[in-house]
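What follows is one structure encoded as structure tokens, with my remarks underneath.
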Amino acid sequence: MTTDHPAGHGEAEATRERLLEAAERLFAKKGYDGTSLREITSAAGCNIAAVNYHFGGKENLYLQVFHRRLGHLRDLRISRLEQVLAEAGGNATPELVLSTFTTAFLEPLADESAGRQLMELMAREMLDPHLPRSVFVEDMIGPVRRSLAGALEQVTPGLDHETALLCVHSVVGQLVHVIHHERFLHGTATGSWPTEELQRLADHIARFSAGGVRALAGAGEPS
């Protein structure tokens with residue numbers, strides 16, 4: 001006798017996904033304290049018992065919203081780096097690595113719904129924290145930092161590990177500045193951020209940073 005029920009399992013997963021989607025949307029709009037479980041379950045078309053069953057309560061639901069989104073962004077950035085290194089083989093350059101990374105970093109912001117929603121969610125968490133800091137370090141910052149530093153070391157002769165990590169800090173710092181700058185100029189309204197401008201900024205940061213990486217490594221200019 002089997003205890004597997006594919007139809008029931010699929011229905012449960014669909015309910016879980018609806019809860020995550022509704023929670024993310026409402027937390028981004030109203031913040032953690034301003035959002036009630038009743039609002040979330042109403043938007044998801046289920047009851048509070050479903051939240052307790054899948055997440056054990058509001059606090060863990062909030063945590064899982066971030067785990068899901070941070071995991072997606074982490075995987076996007078790392079997979080892009082791995083792909084470009086594999087495709088370029090021995091011809092990969094700091095410019096190529098950094099251009100790939102900066103584009104992957106800013107690309108979600110050009111999305112007319114999910115990107116803005118994620119930005120608002122992150123902004124609210126920064127202003128009114130409800131998560132352990134380790135969530136961001138373990139889910140996003142640490143893995144992405146190691147991946148980009150490793151890629152830069154691989155394509156830049158003479159670049160040591162500690163300098164590579166410092167270069168990553170510089171690159172990410174520029175990208176975070178772009179996010180704050182564009183948010184100040186354009187707000188978070190759907191479709192308000194010009195995609196062409198984001199790509200122009202991504203390309204500039206890549207070129208500017210590649211020059212710095214080469215100088216720090218003593219690698220000279222590209223041939």
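Numbers here are sequence positions counted from 1. The structure presented is a predicted model; accordingly, all values stated were derived computationally and were not measured.
- Criterion: ILVMFWY side-chain heavy atoms under 4.5 Å apart, direct or through other members. Under it, L76 and V171 are not part of a common hydrophobic cluster.
- Separating the CG atom in L152 from the CZ atom in F101 is a distance of 9.5 Å, to the nearest 0.5 Å.
- For the pairing with Q117, the side chain to side chain donor-acceptor pair (under 3.5 Å) check across E21, E24, R25 returns one residue only, E24.
- Among pairs with a residue in residues 77-87, those fulfilling salt bridge (charged side-chain N to carboxylate O under 4.0 Å, His left out) read R80-E107, at least two apart in sequence or across chains.
- A search for ring-ring contact (aromatic ring centres under 6.0 Å, His included) contacts involving H204 returns F208, not counting sequence neighbours.
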Under 3.5 Å donor-acceptor pairs involving side-chain atoms of residues 36-48, not counting sequence neighbours:
| from | atom 1 | to | atom 2 | distance (Å) |
| --- | --- | --- | --- | --- |
| S36 | OG | E39 | N | 3.1 |
| S36 | OG | E39 | OE1 | 3.3 |
| E39 | OE1 | K30 | NZ | 3.4 |
| E39 | OE1 | S36 | N | 2.9 |
| E39 | OE2 | K30 | NZ | 2.3 |
| T41 | OG1 | L37 | O | 3.0 |
| T41 | OG1 | R38 | O | 3.1 |
| N47 | OD1 | A49 | N | 3.2 |
| N47 | OD1 | A50 | N | 3.1 |

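- Cluster annotation: V178 is connected to V176 through the hydrophobic network of ILVMFWY side chains, with a link wherever side-chain heavy atoms come within less than 4.5 Å.
- Atom CD of E59 has 12 or fewer neighbouring heavy atoms from other residues, nucleotides or ligands inside a 6.0 Å radius.
- Put simply, the side chain of S147 never gets that close to the backbone of P143: no donor and acceptor are under 3.5 Å apart.
- Applying the salt bridge (charged side-chain N to carboxylate O under 4.0 Å, His left out) test to residues at least two apart or on different chains, none of the pairs has a partner in residues 140-169.
- Annotation: ring-ring contact (aromatic ring centres under 6.0 Å, His included) contacts of Y32 (sequence neighbours excluded): F27, Y62, H130.
- Between the CZ atom in R68 and the CG atom in L20 there is a gap of 4.5 Å [rounded to 0.5 Å].
- Although no hydrogens or angles enter the test, the distance criterion places a donor-acceptor pair under 3.5 Å between the side chain of R124 and the main chain of A28.
- Atoms CG and CZ, on L106 and R200 in that order, are 12.5 Å from each other to the nearest 0.5 Å.
- Residues passing the salt bridge (charged side-chain N to carboxylate O under 4.0 Å, His left out) test with E138: none are found, sequence neighbours excluded.
- If you chain together hydrophobic residues whose side chains sit under 4.5 Å apart, V144 and L166 never meet in one group.
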